[in-house]
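See below for the structure under consideration.
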Amino acid sequence: MILGSEMLAAMETKQLGMASESRMGVFIFSASSGGLSTDELTFATVLKKAGYSTAIIGKWHLGLNCEKNDDFCHHPLNHGFDYFYGITTTNLRDCIPGHGSVFVAGAAEYIRAMFQISSLALFTFVLISCTGLVAIPWKRIFYIASFTSVLLGAVILFFWNFHYLNCFLMRNYKIIQQPLVFDNFTQRITREALHFIKSNKDTPFLLFMSYVQVHTALYASQNFKGKSSHGIYGDAIEEVDWSVGELLNELDKSHLQNQTVVYFTSDNGAHLEEISSSGEVHGGCNGIYKGGKSTSWEGGIRVPGLFRWPGVLEAGTVINEPTSNMDIFPTVLKLAGSPVPQDRIIDGHDLMPLMQGESITSEQEFLFHYCNAYLNAVRWNQRNSSSVWKVFYFTPNFQPKDSNGCFASHVCFCFGSFVTVHDPPLLYDLSKDPEEKSPLTPQTEPDFLKILETIQQATENHKKTLQAVDNQLSWNNVIWKPWLQVCCSSWTDFCYCDLDKDLRIE
C-alpha cells in the first residue's frame, strides 16, 4: 500500500515526456490532451498481471483524454488500475470559491501588461485618426475594440467558471460530482480506501492512496476544522494523519499488517509561496532547508519516506541515505515477485536490501534533479566517504531577493530571466552544509575540480541514456480544448451533477 502523491512510472519525468520546456509545468485543465503515455509501464499494470487487485484513490493528475472527451486514453483504468475514485487534475485555489485564484497570482504582471498595451494601442489609433495623420475608419477601431472586449470577456467567464469545468469527482469512468464538493473529501476518500481493503483482504492488493491534501486549496471537515494551532493547514495535516491511522487500523483489524508493506512519502517539499490574502501560511515549512516546491534546493526535494512492515522491517530504524521515488517501481515489483522489465532503462533500485540492513548505502550514487525539462542539479553520494556533494548548474532568482521563494510569480521557473546560470557550477557538501548556505570554491575545497569532473562524467553518461519522446506538456498538449471537455449533465446546467451526495460523510 502506497500513501503519497504521483509516483507511478519507472523513469524520470523527462523520459516520460512529462517535463515542460515552458512556464506551464503541470496540467491545469481537464480538457488538455497530454498525459501519461500508454506506452509507459506502471507498477499497477505489472501487479495487475500478477493477480493483484489494484486501486488508486485521490489525485491522478496525469491526463484524461486524447482526441475525444470519452476516449480516456490517459485514465488510470488504462494504466493498470481496476478501480479509481478521485480527481484527474489537482485542487487549485480556483476549485473552491472564495479561496482566490492561482491564475491571478501567477499572471498578474501579464494581465497588467496586456491591459496597458491594449489601452495604449486603442488610444494611439484614436489619436492618429483624430489628428488626420492616417485615415483609420472608426468602424475598424470599433471592431478591434469589440473583438478585444469579447475575447477578454470570454477568458474572464471561463476562469470564473473554472471549478465547474475542471474540478470534478470520478468513480472509474463516470463523473459523479461536478463541481467537486470538498467538504469532508478526505473522509470520503478514506471511506473508499477502507472499503477497498475490506473487499480485498483475502486477495493480493495494491492500493495507491494519493492524498489531495495538503495541496491548496486547503480544506478540513467539521471534525478537524479549527482544531490545530496552525490554522487550516494544520487542520488538513491532522485530518490526513487521522486518515492514515484509519487505514493502518483496518490492516490490523483484518490481520493483514504482517502481509502488507506500507510506504508513505511525498512528491515535493512545502510550497512556500502559498500564503493566503490574510497572511496565513498555507504551504507549510521546510525547517532548515532552503527553497521549496518547484526548486531543486533541499527544501524542494527532500521529503520523508516511511516504511511499515511488522515482522520484516524493524520499527524505529532510521536510515540517512538518499533514495528516490523512482525506487518505488522496482521495489514494488520485487515484492510482488515480478521481474523488472529489461526492454527499457529503469532509473530506480530495489529498496529492500537497504531497509532490511543487507546494504548500508543507497544504490543511488548519483541523483539528477531536473527543473521541468532542464537539468538543474546533481547529487553525488560518494562511496567510502561521509560527503554528499551537490552541484547546481543554475538557481532560481528569488523574489524578493532576500526571500526564500519566488513570491511574485507564485512558483519558481526554470529558464531565461527567471534563473542565474553558474559556470563553474555551484558546489555544496550537504554533509556539512545541509542548508546550502556556503558554496565551495577551489580555495575552500582542495578536490573542487576533481569533484566537478566526476559529476560531469556521470552527467554525460546519464544523458546518453535519454531518448527522445513526445512532449506531453507542450503548449498544444496543455491548452484547454473544448471538444475534450467532459460534462456530466449539460452546458446549460453548467455541467452540474451530484451523485455522491447520498454517500457523503457528515
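Any value given below was found using the heavy atoms of this structure, including those in side chains, with hydrogens, waters and symmetry copies removed.
Other residues, nucleotides and ligands place more than 12 heavy atoms under 6.0 Å from the NZ atom of Lys48. Within a 6.0 Å radius of CG in Asp493, more than 12 heavy atoms belonging to other residues, nucleotides or ligands are found.
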Point to revise | Pair Gln213-Leu218, side-chain contact (heavy atoms from CB on, under 4.5 Å): steps then yes or no | key: CA-CA 7 Å; Gln213 292 286 259; Leu218 298 174; 3.9 Å; yes
Practice item. Dump the intermediate steps for side-chain contact (heavy atoms from CB on, under 4.5 Å) on Leu375 and Tyr370, then the final yes or no. Key: CA-CA 4 Å; Leu375 182 58; Tyr370 280 79; 3.8 Å; yes
Review point. Given Val281 and Tyr233, is the side-chain contact (heavy atoms from CB on, under 4.5 Å) satisfied, shown in steps?
Key: CA-CA 7 Å; Val281 175; Tyr233 180 85; over 6 Å; no
Practice item. Check the pair Cys495 / Cys488 against disulfide bond (SG atoms under 2.5 Å apart), numbers first and verdict last. Key: CA-CA 6 Å; Cys495 297; Cys488 68; over 6 Å; no
Practice item. Give the C-alpha distance, both sets of side-chain angles, the deciding distance and a yes or no for side-chain contact (heavy atoms from CB on, under 4.5 Å) between Phe368 and Asp347. Key: CA-CA 10 Å; Phe368 302 92; Asp347 295 306; over 6 Å; no
Exercise for review: Please lay out, stage by stage, how Ser254 and Lys198 fare under the test side chain to side chain donor-acceptor pair (under 3.5 Å).
Suggested key: CA-CA 8 Å; Ser254 299; Lys198 293 173 184 177; over 6 Å; no
Check your understanding: Does the pair Asn200 and Tyr83 meet the rule for a side chain to side chain donor-acceptor pair (under 3.5 Å), with working shown?
Key -> CA-CA 12 Å; Asn200 292 278; Tyr83 182 72; over 6 Å; no
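Under the salt bridge (Lys or Arg N to Asp or Glu O under 4.0 Å) criterion, Asp350 pairs with no residue at all, not counting sequence neighbours.
Ring pair Phe81/Trp60 is perpendicular by interplanar angle, where above 60° counts as perpendicular and below 30° as parallel. Relative orientation of the Phe494 and Tyr164 rings is tilted, given thresholds of 30° and 60° on the angle between their planes. In this structure, Tyr219 and Phe182 have tilted ring planes: the angle between them lies in the 30° to 60° band. Ring planes of Phe208 and Phe43: perpendicular class, angle over 60° (limits at 30 and 60°).
The pair Glu192-Arg171 meets the salt-bridge criterion, with a side-chain N (NZ, NE, NH1 or NH2) lying under 4.0 Å from an Asp/Glu carboxylate O. With respect to the salt-bridge test (charged N to carboxylate O, under 4.0 angstrom), the residues Glu239 and Lys227 do not qualify. We find that Arg93 and Glu274 are joined by a salt bridge, their nearest charged nitrogen and carboxylate oxygen being less than 4.0 Å apart.
For the residue pair Trp242/Gln187, the side-chain donor-acceptor check at 3.5 Å is not satisfied.
Within the model, atoms CE of Met326 and NE2 of His349 stand 8.0 Å from one another, a figure rounded to the nearest 0.5 Å. Atom CD1 of Ile288 and atom CD of Glu298 lie 9.5 Å apart (nearest 0.5 Å). With values rounded to the nearest 0.5 angstrom, Leu47 atom CG is found 10.5 Å from Asp82 atom CG. Taking CG of Leu169 as the start and CZ of Phe185 as the end, the distance is 5.0 Å to the nearest 0.5 Å. Between the CD1 atom in Ile175 and the CG atom in Asp498 there is a gap of 12.5 Å [rounded to 0.5 Å]. Summarising the geometry, atom CZ belonging to Phe264 is positioned 10.5 Å from atom CG belonging to Leu247; distances are rounded to the nearest 0.5 Å.
The side-chain hydrogen bond (donor to acceptor under 3.5 Å, both in side chains) contacts involving residues 327-343 comprise Asp327-Gln364, where partners must be two or more places apart or lie in separate chains.
You'll find the ring centres of Tyr263 and Phe307 inside the 6.0 Å limit. The aromatic ring centres of His410 and His271 sit less than 6.0 Å apart.
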Name each donor-acceptor pair under 3.5 Å that joins a side chain in residues 27-38 to protein atoms two or more places apart or in another chain, with its distance.
{"from": "Ser30", "atom 1": "OG", "to": "Leu165", "atom 2": "O", "distance (Å)": "3.1"}
{"from": "Ser30", "atom 1": "OG", "to": "Asn166", "atom 2": "OD1", "distance (Å)": "3.4"}
{"from": "Ser32", "atom 1": "OG", "to": "Phe29", "atom 2": "O", "distance (Å)": "3.2"}
{"from": "Ser32", "atom 1": "OG", "to": "Val478", "atom 2": "O", "distance (Å)": "2.7"}
{"from": "Ser33", "atom 1": "OG", "to": "Asn477", "atom 2": "OD1", "distance (Å)": "3.0"}
{"from": "Ser33", "atom 1": "OG", "to": "Lys481", "atom 2": "NZ", "distance (Å)": "2.8"}
{"from": "Ser37", "atom 1": "OG", "to": "Asp39", "atom 2": "N", "distance (Å)": "3.1"}

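Cys95 has its SG atom within less than 2.5 Å of the SG atom of Cys167.
Within the 3.5 Å criterion, the main-chain N or O of Lys68 finds a donor-acceptor partner in the side chain of Asp71.
With contacts defined as side-chain heavy-atom distances shorter than 4.5 Å, the pair Lys290/Asn404 qualifies.
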